[in-house]
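Written below as structure tokens is the structure these notes are about.
On a predicted model such as this, the values are computed, not experimentally measured, just so you know. Values below: all heavy atoms of this structure, side chains included; hydrogens, waters and symmetry mates excluded.
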Amino acid sequence: MCPAQELRDREAQNRLHHFEMLPGTEKDRRPKGDPSRAVKEYSRPAAGKDSTKPSDLRPPPVLLKTVNYLINDIAAAPSLYPWTEVYTFVFDRLRAVKQDMIIQRMSGLDCVVILERTVRFLIYASYRLCGEPLRLYDPRINDTHLQEYLSWLLDCYMTKTGPHPNQEEFQSLSLLYNLGSARAMQHTMQLPLRLRSTPNIKLALSINQAFLERNPVRLLRLAQKLNFLQTCALHRHLLTCRQDLLLIYSHGYSSRNCRFPLDRLAKLLFLDASLTAQLCRSYGVEVNKDNQIVFSKAAFTEPGQGTLHCKLYHSIASEKQRDLTVKSIVQSCVETNKK
């Protein structure tokens with residue numbers, strides 16, 4: 001999975017990651033590299049010249065083996081290290097895989113399988129690492145690469161090199177992740193009718209329609225029908241959706257004498273009562289001592305940037321994860337987990 005010369009160079013320069021070290025040598029002044037665990041790292045191409053040696057390019061079967069190793073033996077394995085560190089290692093090595101794929105102009109079924117597993121990993125990471133400090137995880141960088149992989153994968157589906165049994169899953173993931181995007185919507189509407197009529201894509205289209213119509217109650221209700229990975233793709237829109245619900249209700253129920261039950265609002269937001277009250281107060285919505293909401297359009301305010309932690313409101317996704325492992329999520333997320 002790593003060219004022999006690169007392994008020797010990185011060993012000499014003491015640039016091995018601890019996931020690549022030969023067991024028992026980790027504490028040595030210069031740890032040894034394990035050829036069975038070392039993975040080619042991403043290197044930015046030198047300006048104006050191609051420094052890639054043909055002998056260093058990994059053929060498609062080796063690239064697929066590398067991706068499976070990164071998912072099964074690194075990302076999904078129990079680790080003494082934080083998952084942010086696991087993610088950083090896997091993310092970098094997946095970039096190197098992508099680099100080899102591009103240079104070889106890789107296509108076909110191996111290419112599709114690699115892209116599918118990479119997209120699943122990045123979508124899962126966007127949920128799991130949400131709220132981590134920027135020095136450990138940058139959501140914008142993850143999003144940029146995820147969009148590139150998704151675009152490449154959807155292009156592969158259009159080349160008719162199939163069959164592509166997972167196309168329904170990834171077409172729906174693309175729309176859910178890019179909720180409200182005119183480009184994503186246009187792409188979905190141009191799919192063949194038989195594909196557009198499949199359950200996952202019909203559900204994604206309904207959720208997208210509710211988002212465009214600013215109908216957060218319907219959107220959150222429909223979100224209960226999504227499986228875990230689909231909810232991971234949607235999760236970055238949920239805080240905005242809940243904010244929209246509070247804003248609409250602050251106008252619709254704005255009256256001195258109007259009281260709205262906290263438990264009823266909690267059910268609409270799919271949160272427990274304490275988190276609902278916390279969310280309300282963050283937006284200037286009053287919760288009185290009788291656990292009643294006092295909506296007021298004049299009092300509604302948007303909280304300052306960084307004051308709301310999206311991770312606190314992940315219950316819709318976390319309830320669906322249950323016993324799913326990282327391996328089952330990334331290799332093939334076939335669970336429906338519907339309520």
Side-chain angles (χ1 to χ4, degrees), residues 40 42 44-45 50 52 57-68 70-71 90-126 139-205 207-208 227 229-230 232-234 236-237 329-334:
K40 182 179 180 181
Y42 174 76
R44 197 174 298 277
D50 181 13
T52 305
L57 290 175
R58 295 162 292 181
V62 177
L63 290 174
L64 182 54
K65 173 192 169 186
T66 302
V67 171
N68 287 335
L70 290 170
I71 300 304
V90 174
F91 180 83
D92 176 85
R93 293 338 189 234
L94 287 175
R95 286 189 75 183
V97 168
K98 178 185 176 186
Q99 196 172 47
D100 280 6
M101 292 170 70
I102 291 172
I103 293 171
Q104 296 175 82
R105 298 184 180 179
M106 188 172 162
S107 60
L109 295 181
D110 280 347
C111 178
V112 168
V113 172
I114 288 172
L115 292 173
E116 287 179 344
R117 291 176 185 176
T118 303
V119 166
R120 287 193 190 109
F121 171 77
L122 294 178
I123 287 177
Y124 173 66
S126 73
R140 290 189 179 183
I141 292 176
N142 190 81
D143 172 65
T144 298
H145 287 271
L146 175 51
Q147 298 287 14
E148 290 175 3
Y149 285 115
L150 256 179
S151 179
W152 188 358
L153 176 60
L154 299 187
D155 285 345
C156 286
Y157 288 148
M158 301 299 286
T159 59
K160 309 292 185 184
T161 58
H164 300 301
N166 298 322
Q167 185 175 1
E168 176 189 351
E169 174 192 351
F170 285 92
Q171 296 286 3
S172 66
L173 285 173
S174 175
L175 185 55
L176 291 168
Y177 186 79
N178 294 294
L179 214 58
S181 163
R183 182 179 177 184
M185 178 68 171
Q186 182 181 18
H187 172 85
T188 306
M189 296 309 295
Q190 289 174 343
L191 294 172
L193 181 60
R194 60 165 187 79
L195 189 58
R196 209 166 65 241
S197 302
T198 54
N200 282 330
I201 296 180
K202 284 177 69 176
L203 179 56
L205 283 167
I207 290 173
N208 187 68
N227 66 33
L229 195 64
Q230 289 171 330
C232 289
L234 179 71
R236 67 187 189 139
H237 304 285
I329 292 165
V330 176
Q331 295 287 25
S332 181
C333 189
V334 296

Taking all non-hydrogen atoms of both residues into account, name the closest pair between [X] and [Y] and its distance.
X	Y	result
Pro163	Leu109	O-CD2, 4.0 Å
Ala125	Asn142	CB-OD1, 4.4 Å
Val330	Phe121	CG2-CA, 3.9 Å
Val119	Leu153	CG2-CD2, 4.4 Å

Check whether any side-chain heavy atom of [X] sits under 4.5 Å from a side-chain heavy atom of [Y], and report yes or no.
X	Y	result
Ser174	Leu154	yes
Asp100	Lys40	yes
Asp155	Ser151	yes
His237	Leu176	no
His187	Leu191	yes
Val97	Arg93	no
Tyr149	His145	yes
Arg183	Asn178	no

Heavy-atom donor-acceptor pair, [X] side chain to [Y] backbone, under 3.5 Å:
X	Y	result
Arg196	Ile201	no
Gln171	Gln167	no
Asp143	Pro139	no
Asn166	Glu169	no
Arg58	Leu63	no
Glu168	Asn200	yes
Ser197	Arg194	no

At what distance, to the nearest 0.5 angstrom, does [atom1] of [X] lie from [atom2] of [Y]?
X	Y	atom1	atom2	answer
Leu195	Tyr157	CG	OH	10.0 Å
Ile102	Glu148	CD1	CD	8.0 Å
Gln331	Asn68	CD	CG	5.0 Å
Arg105	Cys111	CZ	SG	13.5 Å
Leu122	Cys232	CG	SG	12.0 Å
Phe91	Thr118	CZ	OG1	10.5 Å

**Message:** Checking Ile114 against Met106 for the side chain to side chain contact (heavy atoms under 4.5 Å, CB included) test, could you report, in this order, the C-alpha distance in whole Å, the side-chain angles of both residues, the deciding distance, and whether it holds?
**Reply:** CA-CA 11 Å; Ile114 288 172; Met106 188 172 162; 3.6 Å; yes
**Request:** Go through Met189 and Leu205 one step at a time and tell me if the side chain to side chain contact (heavy atoms under 4.5 Å, CB included) criterion holds.
**Result:** CA-CA 9 Å; Met189 296 309 295; Leu205 283 167; 4.0 Å; yes
**Item:** Phe170 and His164 aromatic centres sub-6.0 Å
**Value:**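 Aromatic pair excluded; centres sit 6.0 Å or further apart.
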**Cys156 vs Leu115, side chain to side chain contact (heavy atoms under 4.5 Å, CB included): CA-CA, chis, key distance, verdict** = CA-CA 9 Å; Cys156 286; Leu115 292 173; 4.0 Å; yes
